[in-house]
Amino acid sequence: MLTTNSETFSQERSHQLYQEAQQLLPGGVNSPVRAFRGVGGDPVFIERADGPYLYDVDGHRYLDYVQSWGPMILGHTHPAVLDAVQAAARHGFSFGAPTEAESQLARLVIDSVPSVEMIRFVNSGTEATMSALRLARAYTGRDKIIKFSGCYHGHADMLLVQAGSGVATMGLPDSPGVPAQTTQNTLTADYNNAAEVEQLFASYPDDIAAVIVEPIAANIGLVPPVAGFLEKLRELTQKYHAVLIFDEVMTGFRVALGGMQERVKITPDLTCFGKIIGGGLPVGAYGGRREIMEMVAPAGPMYQAGTLSGNPLAMAAGIATLSELRKAGQYEALERKGQRLEEGFNKALQDNNVEATFQRIGAMFCLYFAREAVVDYPSAKRSDTQRFARYFWSMLKRGIYLPPSQFESCFISLALNDDMIEETIQAAAASVNA
Ligand SMILES: *Cc1c(COP(=O)(O)O)cnc(C)c1O
């Protein structure tokens with residue numbers, strides 16, 4: 001039973017399932033943004049996915065621009081990945097012992113990202129950033145870290161910190177349950193503001209273990225680094241002997257094979273991965289300079305472990321996904337699709353006289369209902385979220401599945417063809433003024 005989405009758009013089954021789920025799971029979900037709180041209404045329950053499409057339990061089909069929040073860059077159930085996972089499953093689900101597949105995936109990452117000389121696989125992006133910071137602290141013997149306002153690095157206590165306004169401030173916890181002691185070593189600065197970082201280093205020259213940054217701030221929509229910002233972070237961390245950590249959980253293998261560091265030609269000391277490197281299965285990783293990575297147990301004293309880390313099914317999905325991405329022309333194809341979308345969206349905005357800002361890097365984009373370019377968290381917060389919600393629902397009813405929040409990035413997959421991109425632009429033209 002497959003209907004096209006229309007005026008008669010019904011969420012009957014999704015609604016029933018959501019009512020039930022809310023009795024069983026906090027908020028009916030296992031990760032907050034899935035509950036559609038940013039746009040109101042009931043979330044869509046998904047039945048299955050294939051290539052560029054998601055199918056919901058009420059018989060609707062959508063072009064998917066969420067892609068499980070990033071991993072599905074090849075599209076869903078890509079044959080090479082499906083075959084690899086099925087073959088791996090037949091050999092056993094988990095051994096808790098070394099396998100060749102772990103070295104194969106490690107080799108693929110190391111060959112793609114020159115700053116990575118050694119790597120440790122974990123099970124999520126959260127684990128990757130948490131472990132990379134422990135490693136940076138172990139390596140430097142220092143406790144303080146710097147993060148940026150609006151950058152998300154997973155839900156570890158020390159990273160759930162929002163910056164105060166103005167000059168960089170001492171961190172205050174963002175969530176109840178995070179003890180103040182846990183975040184007292186977390187210093188914050190505004191994204192794209194290297195001067196604040198310079199001041200922090202001047203105040204604590206011998207205490208800062210690491211600067212952790214999203215090289216594109218993509219958890220407040222899509223905010224590119226301004227020219228010189230990341231370069232200055234590299235310079236300051238070198239000057240003060242602190243570790244520079246690029247959190248490329250989202251941008252790794254997304255904006256280039258070598259991630260954002262390839263595009264900006266900066267070599268961080270450590271890099272965090274997740275999302276795409278697992279091809280849709282739960283994988284995270286941190287890697288970087290050999291000298292630092294050799295501090296990780298059992299090679300060195302920094303303890304970090306995982307029962308399911310390097311899981312054979314997850315490694316198989318990662319190997320198949322990265323192998324596809326390493327084929328010639330893939331990122332050029334993604335860029336071309338991105339350009340088409342950008343041109344179409346900008347035309348739709350112009351034709352409809354809508355004041356909004358389309359920001360894009362490669363196969364990631366965000367349409368902000370904001371007049372001016374978004375450069376940091378405060379400017380992102382100036383967007384009109386009610387307007388975004390109306391746009392979101394109008395797109396959904398036209399068969400376009402977008403992230404249900406103004407502050408998330410949309411993703412383009414290789415499975416999207418030109419006709420689908422055209423369909424998306426038509427839907428946008430009809431929705432930007434909703
Ligand atoms: C998604 C994300 C994380 C967290 O990864 P999980 O797998 O959800 O724990 C960390 N950092 C960035 C930049 C992310 O986008």
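Quick caveat, the model's predicted, so the values are computed rather than measured. Each ligand, and each atom within it, is numbered from 1 in the order the structure gives. Excluded from the calculations below are hydrogen atoms, water molecules and symmetry mates; all remaining heavy atoms, backbone and side chain alike, are included.
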**Prompt:** Has Lys381 got its NZ or CZ under 6.0 Å from the middle of the six-membered ring of Tyr377, at an angle within 45 degrees of the ring axis?
**Reply:**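 Satisfied, under 6.0 Å and within 45°.
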Show the short N or O contacts, below 3.5 Å, that ligand 1 makes with protein N or O atoms; if there are none, say 'none'.
from     : atom 1 : to     : atom 2 : distance (Å)
ligand 1 : 5 (O)  : Gly125 : N      : 3.4
ligand 1 : 7 (O)  : Gly125 : N      : 2.8
ligand 1 : 9 (O)  : Gly125 : N      : 3.4
ligand 1 : 9 (O)  : Thr126 : N      : 2.8
ligand 1 : 9 (O)  : Thr126 : OG1    : 2.6
ligand 1 : 11 (N) : Tyr152 : O      : 3.3
ligand 1 : 11 (N) : Asp247 : OD1    : 3.4
ligand 1 : 11 (N) : Asp247 : OD2    : 2.7
ligand 1 : 15 (O) : Asn219 : ND2    : 3.3
ligand 1 : 15 (O) : Lys275 : NZ     : 2.6

Q. Under 3.5 Å, side chain of Arg120 to main-chain N/O of Ser131, donor-acceptor pair present?
A.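 No; judged by distance alone, with no hydrogens or angles, the pair does not exist.
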Task: Criterion ring pair (Phe, Tyr, Trp, His ring centres under 6.0 Å) on Tyr191 and Phe229, from CA distance to verdict - done: CA-CA 9 Å; Tyr191 196 75; Phe229 171 62; 5.1 Å; yes
- Item | side chain to side chain donor-acceptor pair (under 3.5 Å) pairs, two or more places apart, involving residues 357-370 |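 Listed by first then second residue: Glu335-Arg360, Glu342-Arg360.
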Problem set entry | Test item: side-chain donor near acceptor, Thr321 and Glu324, under 3.5 Å |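 On atom types as modelled, these side chains do not qualify, holding no pair under 3.5 Å.
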Are the aromatic rings of Phe358 and Phe365 close, with centres under 6.0 Å apart?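 Centroid distance Phe358-Phe365: below 6.0 Å, so yes.
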